[in-house]
Amino acid sequence: MTVALPVLAPRSFAEQVPDLRAAQQLATLQINIGLVCNLACRHCHVESSPKRDGIGENMSGETARKVLDWLAANPSVEKIDVTGGSPEMNPHYRDLVLGARSLGLGVMHRSNPTVLGHETRNGQRFEWVPAFLAENRVEVVASLPCYQEANVEHQRGRGSYSASVEGLLRLNDVGYGSDPELPLYLVYNPGGPFLPPPQDDLGVDYHRELKERFGIVFNELWTLTNMPIKRWRADLERQGQLDGYMDLLAGAFNPSTVDGLMCRHQIHIDSQGRLHDCDFNYALDLRMEDREGAFLWETTAEELAERRIVVGDHCYGCTAGAGSSCGGSLA
């Protein structure tokens, strides 16, 4: 007689990794400078949009100065990683970048390239951005969800593909992708409830297609897994695909990705300076353990090293398959 075996529910991430700890040295401070953006992408885990420009959602000049003062007092931090929203849409963005560079810090800029050549809803224009970034030797991470137009516009809206191409060409015009001191990284994320393909293989396709079609050059492609939170989670729920996607992520858990997780090597602050282990925890309002509501300037980089990291089942998004972190695949 055949006995049916019970179907075991996937283990929680906290059971898979019961004591996730930060590394001995904090290398990077990731700064969400604000949630205002010229797009409202379907997969955006912080729900940025043109309407997110209110007080309390974008960094003030006073907060930017406090962040720079903290960086000056904590020289072990090597780099700031500025994200949003579209970071350049914050009026204090340039002051933050210039201040960090004056301290000798590396600066990474995360944005979508569509904003670089088009007027926003409030009449702002951002043609100045490529030259400013190049002059200050800022690393650029530009999101381009696919090299095919239909897939990009499905996620980002009509006209977003041509605007992305225009923005990338503007970056190329000032040396990004060809000057060794001006690295340009592109970011892919899936258009559906599946894991990214192998990063290196997809990178070959991106290089070929963008070069042949438009003459665009860049350094590397980074693949990111869509996190099952906020807009993407709501989208999955509407389509009845959330449970299947969570099972996919949990079933593809790869323990070799854990050492390289971004939360182990950096911290995240929101636009008000509040501390989080990563930007996904920020999106879920998960504060650091034992530092509920704490601000960056209330602690030190040394105190944040080897801290216990707050986890949840969304962490499967970073550890599934080849892994996914701010710098792409981990394994």
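Atoms OG and CD, on S271 and E57 in that order, are 7.5 Å from each other to the nearest 0.5 Å. The distance from the OG1 atom of T257 to the CG atom of L330 is 6.0 Å, given to the nearest 0.5 Å. In this structure, NE2 on H276 lies 6.5 Å from CG on D285, to the nearest 0.5 angstrom. Rounding to the nearest 0.5 Å places SG of C37 at 6.5 Å from CE of M89.
Between C318 and T225, the closest side-chain pair of non-hydrogen atoms is not below 4.5 Å. Side-chain contact between V310 and M288 is absent, with no heavy-atom pair separated by less than 4.5 Å. Put simply, the side chain of P130 does not reach to within 4.5 Å of the side chain of D173, judged on heavy atoms. Between V165 and I216, some side-chain heavy-atom pair lies under the 4.5 Å cut-off. Looking at heavy atoms from C-beta onward, L26 lies in side-chain contact with V77 at the 4.5 angstrom threshold. In this structure, L236 and P193 have side chains that are in contact, with non-hydrogen atoms separated by less than 4.5 Å. Between Y188 and Y147 the shortest side-chain heavy-atom distance does not fall below 4.5 Å. Between I31 and T83, every side-chain heavy-atom pair lies at or beyond the 4.5 Å cut-off.
When the side-chain contact (heavy atoms from CB on, under 4.5 Å) test is applied to D290, no partner is found at least two apart in sequence or on another chain. When the salt bridge (charged side-chain N to carboxylate O under 4.0 Å, His left out) test is applied to D200, no partner is found at least two apart in sequence or on another chain.
Nearest heavy atoms, V140 versus L133: CG2-CD1, 3.7 Å. The shortest non-hydrogen separation linking W232 to M227 is CD1-O, 3.1 Å. What you find for S160 and T114 is that their closest heavy atoms are O-CG2, 3.5 Å. What you find for R287 and G293 is that their closest heavy atoms are NH1-CA, 3.1 Å. Between L105 and R101, the shortest heavy-atom distance links the atoms O-NH1, 2.7 Å. Across every non-hydrogen atom of L304 and A22, the tightest pair is O-CB, 4.0 Å.
Residues V17 and I309 are members of one and the same hydrophobic cluster, defined by side-chain heavy-atom contacts under 4.5 angstrom among Ile, Leu, Val, Met, Phe, Trp and Tyr. Both W297 and I33 are assigned to one and the same hydrophobic cluster, defined by single-linkage of ILVMFWY side chains at heavy-atom distances under 4.5 Å. No single ILVMFWY cluster, assembled from side-chain heavy atoms under 4.5 Å apart, contains both V204 and L184. Both L98 and L96 belong to a single network of hydrophobic side chains, linked directly or stepwise wherever heavy atoms of I, L, V, M, F, W or Y lie under 4.5 Å apart. Hydrophobic clustering (side-chain heavy atoms under 4.5 Å, transitive across Ile, Leu, Val, Met, Phe, Trp, Tyr) groups V129 together with V174.
Each salt bridge (Lys or Arg N to Asp or Glu O under 4.0 Å) pair with one or both residues in residues 70-79, not counting sequence neighbours, appears once here: K79-E139. Under the salt bridge (Lys or Arg N to Asp or Glu O under 4.0 Å) criterion, the residue pairs touching residues 260-270 are D270-R274, with sequence neighbours excluded.
A salt bridge links R308 with E289: the closest approach of a Lys/Arg side-chain nitrogen to an acidic carboxylate oxygen falls below 4.0 angstrom. Salt bridge annotation for D235-R233: absent, with no cationic side-chain nitrogen under 4.0 angstrom from a carboxylate oxygen. Taking 4.0 Å as the cut-off between side-chain N and carboxylate O, R158 and E153 do not count as a salt-bridged pair. Classification of R307 and D277 as a salt-bridged pair holds, one side-chain N sitting under 4.0 Å from a carboxylate O.
Looking at D179, its side chain does come within 3.5 Å of a backbone N or O of E181 through a donor-acceptor pair. The backbone N or O of A134 lies less than 3.5 Å from a partner atom in the side chain of R137, making a donor-acceptor pair. Using modelled atom types, no side-chain atom of N189 and backbone atom of P145 make a donor-acceptor pair closer than 3.5 Å. A donor-acceptor contact shorter than 3.5 Å is absent between the side chain of N151 and the backbone of G191. A donor-acceptor pair is defined here as one N or O able to donate and one able to accept, closer than 3.5 Å; such a pair exists between the side chain of E303 and the backbone of T300. Side-chain atoms of T319 never come within 3.5 Å of backbone atoms of F253 as a donor-acceptor pair (strictly under, hydrogens ignored). Put simply, the side chain of S324 never gets that close to the backbone of A320: no donor and acceptor are under 3.5 Å apart. In this structure, the side chain of Y245 does not engage the main chain of G192 through any donor-acceptor pair within 3.5 Å. Using a distance-only test at 3.5 Å, with no hydrogens or angles considered, no donor-acceptor pair links the side chain of D313 to the main chain of S12.
Y282 has its ring centre less than 6.0 Å from the ring centre of H268.
Between W128 and F126, the ring planes are tilted. Angles from 30° to 60° get that label.
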side-chain contact (heavy atoms from CB on, under 4.5 Å) evaluation trace for L116 with L171: CA-CA 9 Å; L116 300 182; L171 289 167; 3.8 Å; yes
side-chain contact (heavy atoms from CB on, under 4.5 Å) between I229 and F280, worked out: CA-CA 8 Å; I229 60 178; F280 304 125; 4.2 Å; yes
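Under the 3.5 Å distance criterion, with hydrogens and angles disregarded, no donor-acceptor pair is assigned to the side chains of Q266 and T28. Side-chain atoms of N58 and N90 form no donor-acceptor pair, as typed in the model, at a separation below 3.5 Å. No hydrogens or angles considered: a donor-acceptor pair under 3.5 Å links the side chains of R156 and S143. Residues H109 and D81 have side chains that never bring a donor and an acceptor to within less than 3.5 angstrom of each other.
By the 6.0 Å contact criterion, CD on E209 is enclosed, its count of non-hydrogen atoms from other residues, nucleotides or ligands being greater than 12.
Membership of the apolar cluster around W222 extends to M108, V141, Y185, V187, L224, as traced through chained side-chain contacts below 4.5 Å between ILVMFWY residues.
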Between side-chain atoms of residues 62-70 and protein atoms elsewhere (two or more places apart, or another chain), which donor-acceptor pairs fall under 3.5 Å?
{"residue": "T63", "atom": "OG1", "partner": "S60", "partner atom": "OG", "Å": "3.1"}
{"residue": "W70", "atom": "NE1", "partner": "L296", "partner atom": "O", "Å": "3.2"}
{"residue": "W70", "atom": "NE1", "partner": "T299", "partner atom": "O", "Å": "2.9"}

